[in-house]
Amino acid sequence: MSVIDIHLHYGPWYFPIHTPSIAEMRETLQRFGITRGIVSSSVALIYDFREGNRLLMEALAGHTDLLGYVTVNHNYVEESLQELETYLGEPNFVGVKMHPLCFRQPVDTPEGRRMVRAVAEHGVPLLVHTHTSSLESPWHVVPVAKENPSLPIIMAHMGGESWMEGIRVAQEVSNLYLEPCCSYPDADKLRLAVDAIGAERILFGSDYSLLDPAFTLGMVQSSGLTSTERDLVLEGNALRLFGRARDVWQRDNVRS
Amino acid sequence: MSIIDANTLFGFWPYRRVDLSPEQLLAGMDRHGVARAATLSARGVLYDATAGNDETLALCQREPRFLSVGTVDPRRPGNYGEEIARRAREGFKFFHLFPEHQAWQADQPAARRLLAALDAAGMAVMLSGPPGIVVGACRGLRVPVILAGAHTYTLSDLQVALEECSNLYLETRLLHGPEVLASLVRQFGAERLIYGSGAPLLYMASSLGLVQHAAITEAERAAILGGNLTRLLGGEG
């Protein structure tokens, strides 16, 4: 099994944990069978999104196993629209990341809606952080998903501690997808998610370099999924959704 | 290597549909190669500590792979010492307190009295909470204190707490930052870390994978996965 990790981070955190280089990231991920992934910048989320996108582009140069998300900050709509133009013209940026908690603004505000509409026009998937507080609730994602039915929106952390809300939300709108990494490894949540919306709409993400890949892989491996379901979650769905990434990986024969 | 899980429970869980039966717990242990598990009844966590302790005793007398863990809810006034002494006589191994489910913190007056009673009885204690509050409340105790759910995001506090409190141990379940376990082993030794999963409420494989994949020696891994708990409980595992 060759795993695709659609929720990776590059750059330092404010916790006393090691900041891996891209080479170290690759080495760690490969120990877990993760051969490809899509990365966002920690600097972009915590501080300056433009600086973070730039540092990520520099770090990813020459590496097509690891591709990038453009991070947009919907407090800075015009600048974010420019970031989309700049980076989605690059072959190694294949999706967009939004983080309502980091930027203290839900995704369904007028600014958020404008941002999501622009992402849809670019035709790449959107990874949206969802978690437990009202600001980051999965329910905020519903309006923007309904307004942009052709846009695949992946709810990172599937709502965190509110993962049952994440599943309910995904049941309401067919272009919503779930990604399970978080500090709440509640048993059964993946099985319940698959039963509710189908394995075709769940993607594996580890949150590395913030979390150890063993943590979320453990959820997938012990969730009682069939091998077909597990293959979809760990690889197949990412290949289907991230068409630009699939093309790059096929072109460069990146698999293992 | 004989794996012992320091943090499991059984019973009923009202907050979501989940199978917390002892059979489910045993099946998970078998799937993941866990030999024994310290366990207690969810009744004692959520409703009635004494009745829960009775259920725990009954289960552990029936199934030798389970180690009996007691609990007390400090919101209920009572003679903590009497309940602790009774459970000690019955062979309970340590006490696990649940401030996160009972809406109290370790520095509140009743909680401090309960901790003092556990200390007087020589009974090790596991509890959760912000490291500062737990460490503050446990300072001066002689018994081992295991911080349940010690979280990567509080790592700098945990490091200081381990330096300041020689009787503090960390449950490993949420030390899920990359290389965090190995780093703590290098700084403080493997003997300060105790494997616990929260199963069957939580995926056992998530917490187990963290220890199994950590860049530490096999002896250190064995200590975390069971040796340390056995030592803390006086050689009984």
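Below, chains carry the letters A, B, ... as their sequence lines are ordered, and counting in each starts from 1.
- Atom CG of Leu202(B) and atom NZ of Lys189(A) lie 9.5 Å apart (nearest 0.5 Å).
- Most heavy-atom pairs under 4.5 Å with chain B: of the set Met164(A), His18(A), Met219(A), this distinction falls to Met219(A).
- Thr71(A) pairs by the side chain to side chain donor-acceptor pair (under 3.5 Å) definition with nothing, not counting sequence neighbours.
- If you measure heavy-atom distances from Ser183(B) to chain A, you find no contacts under 4.5 Å at all.
- Considering every non-hydrogen atom in both Tyr203(B) and Arg191(A), the closest pair reads OH-N, 4.3 Å.
- Residue contact with chain B, scored on non-hydrogen atoms closer than 4.5 Å, involves the backbone and the side chain of Phe215(A) alike.
- Neither the backbone nor the side chain of Tyr14(A) comes within contact range of chain B, judged by heavy atoms closer than 4.5 Å.
- The part of Leu201(B) that comes within reach of chain A is its backbone (N, CA, C, O), which places non-hydrogen atoms under 4.5 angstrom from that chain.
- Heavy atoms from other residues, nucleotides or ligands lying under 6.0 Å from CZ of Arg192(B) number more than 12.
- Considering all non-hydrogen atoms of both residues, Ala205(B) and Gly218(A) come closest at CB-O, 3.4 Å.
- For residues 98-107 of chain B, a heavy-atom distance under 4.5 Å to chain A picks out no residue at all.
- Here CG of Asp212(A) is found 8.5 Å from NE2 of His213(B). Values are rounded to the nearest 0.5 Å.
- Looking at Val180(B), only its side chain comes within 4.5 Å of chain A, counting heavy atoms on both sides.
- Between the CG atom of Leu210(B) and the CG atom of Leu217(A) there is a distance of 11.0 Å, given to the nearest 0.5 Å.
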Could you give the side-chain donor-acceptor pairs of residues 145-152 of chain B under 3.5 Å, partners two or more places apart or in another chain?
from: His151(B); atom 1: ND1; to: Tyr153(B); atom 2: N; distance (Å): 3.0
from: His151(B); atom 1: NE2; to: Ser183(A); atom 2: OG; distance (Å): 3.0
from: Thr152(B); atom 1: OG1; to: Leu174(B); atom 2: O; distance (Å): 3.3
from: Thr152(B); atom 1: OG1; to: His176(B); atom 2: N; distance (Å): 2.9
from: Thr152(B); atom 1: OG1; to: His176(B); atom 2: ND1; distance (Å): 3.3
from: Thr152(B); atom 1: OG1; to: Gly177(B); atom 2: N; distance (Å): 2.9

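- Ranked by non-hydrogen atom pairs under 4.5 Å with chain B, the options Leu192(A), Leu190(A), Val220(A) are led by Leu190(A).
- The heavy-atom pair separating Pro178(B) from Leu210(A) by the smallest distance is CD-O, 3.3 Å.
- For the salt bridge (charged side-chain N to carboxylate O under 4.0 Å, His left out) condition, the pairs that include at least one residue of residues 11-33 of chain A, sequence neighbours left out, are Arg26(A)-Asp65(A).
- Across Arg16(B), Arg31(B), Glu179(B), the residue that shares the most heavy-atom pairs under 4.5 angstrom with chain A is Arg16(B).
- Between Pro185(A) and Ser206(B), the closest heavy-atom pair is CB-OG, 3.8 Å.
- Neither the backbone nor the side chain of Gln212(B) comes within less than 4.5 Å of any heavy atom of chain A.
- Neither the backbone nor the side chain of Thr28(A) comes within contact range of chain B, judged by heavy atoms closer than 4.5 Å.
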